[in-house]
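Note sheet for the following structure.
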Amino acid sequence: QVQLVESGGGLVQPGGSLRLSCAASTSILSFLAMAWYRQAPGKQRELVAILPRDGTIHYADFVKGRFTISRDNAKNTVALQMNSLKPEDTAVYYCYTTTYRERYWGQGTQVTVSS
């Protein structure tokens, strides 16, 4: 019932920045949390950042100080600002949200950090 669509991925040089956006098909006000995950080739999907409804943001250690998660309730979007990007950040980034009853995933957007 809920659709999540990621955008903003692409190719960037090391040290550069990208801003990912996730648009939800319904109001995000009722969601328990929204999060960004990523999955690199040959690796398991891992949590990047999560923004619960209570605002207690958690970041993975490998992105602390570089990435920022935020939400815009009026636009039904959640964003991931990525600065000081490293080649190790190359992965498909997925938007995720959960309600009391269901879990939803976006289809992912590719981020490639290379020079």
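Treat the numbers as computed from the prediction; the structure is a model and nothing was measured.
A 4.5 Å side-chain heavy-atom check between Arg66 and Asp89 finds at least one atom pair inside the cut-off. A heavy-atom distance below 4.5 Å is found between the side chains of Ser114 and Leu11. Taking the side chain as every heavy atom from C-beta outward, Val2 and Glu102 never approach each other to under 4.5 Å. With contacts defined as side-chain heavy-atom distances shorter than 4.5 Å, the pair Phe62/Arg38 qualifies.
In this structure, the separation between OG on Ser21 and CD on Gln81 is 11.5 Å, given to the nearest 0.5 Å. Note that CZ of Phe67 is 8.0 Å distant from CG of Leu20, once rounded to the nearest 0.5 Å. Rounded to the nearest 0.5 angstrom, His58 NE2 and Lys64 NZ are separated by 6.5 Å.
In this structure, Val111 is a member of the same hydrophobic cluster as Leu80, with clusters built from ILVMFWY side-chain heavy atoms closer than 4.5 Å. Residues Met34 and Tyr104 share a hydrophobic cluster, clusters being chains of Ile/Leu/Val/Met/Phe/Trp/Tyr side chains in contact below 4.5 Å. Neither Val92 nor Val12 shares a network with the other; the hydrophobic side chains, linked directly or stepwise wherever heavy atoms of I, L, V, M, F, W or Y lie under 4.5 Å apart, form separate groups for each. Val5 and Tyr96 fall into different hydrophobic clusters, where Ile, Leu, Val, Met, Phe, Trp and Tyr residues are linked whenever their side-chain heavy atoms come under 4.5 Å apart, directly or through other members. Transitive grouping of hydrophobic side chains (ILVMFWY, heavy atoms separated by less than 4.5 Å) keeps Ile28 and Leu32 in distinct clusters.
Considering every non-hydrogen atom in both Ser84 and Ser17, the closest pair reads N-OG, 4.3 Å. Closest non-hydrogen pair, Ser30 versus Arg53, comes out as O-NH2, 3.0 Å. Annotation for Gln107 and Glu6: closest pair N-OE1, 3.1 Å, computed over non-hydrogen atoms. Nearest heavy-atom pair across Ala60 and Leu47 is CB-O, 3.3 Å. The minimum heavy-atom distance linking Ala40 with Thr90 is given by the pair CB-O, 3.7 Å. When every heavy atom of Thr77 is checked against every heavy atom of Ala23, the shortest pair comes out as CG2-CA, 4.0 Å.
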(request) Apply the test side-chain contact (heavy atoms from CB on, under 4.5 Å) to residues Trp36 and Leu51: give CA-CA distance (whole Å), side-chain angles for both, the deciding distance (0.1 Å), then the verdict. (result) CA-CA 9 Å; Trp36 286 95; Leu51 176 52; over 6 Å; no

(message) Show, in sequence, the C-alpha distance, side-chain angles and deciding distance for Asn76 and Thr26, and conclude whether the side-chain contact (heavy atoms from CB on, under 4.5 Å) test is met.
(response) CA-CA 7 Å; Asn76 294 328; Thr26 62; over 6 Å; no

(message) Quick one, Val78 with Ile69, criterion side-chain contact (heavy atoms from CB on, under 4.5 Å). Give me CA distance, side-chain angles, the key distance, then yes/no.
(response) CA-CA 7 Å; Val78 61; Ile69 188 172; 3.9 Å; yes

(request) Decide yes or no on side-chain contact (heavy atoms from CB on, under 4.5 Å) for Thr97 and Leu4, but give the supporting numbers first. (result) CA-CA 9 Å; Thr97 191; Leu4 303 174; 3.8 Å; yes

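Put simply, the residue from Tyr93, Trp105, Tyr94 that forms a ring pair (Phe, Tyr, Trp, His ring centres under 6.0 Å) with Tyr37 is Trp105.
When the shell of 6.0 Å around CD of Glu46 is examined, it contains more than 12 heavy atoms from other residues, nucleotides or ligands. Shown here is Gln3, whose CD atom has no more than 12 heavy atoms of other residues, nucleotides or ligands within 6.0 Å.
Although no hydrogens or angles enter the test, the distance criterion places a donor-acceptor pair under 3.5 Å between the side chain of Thr109 and the main chain of Gly9.
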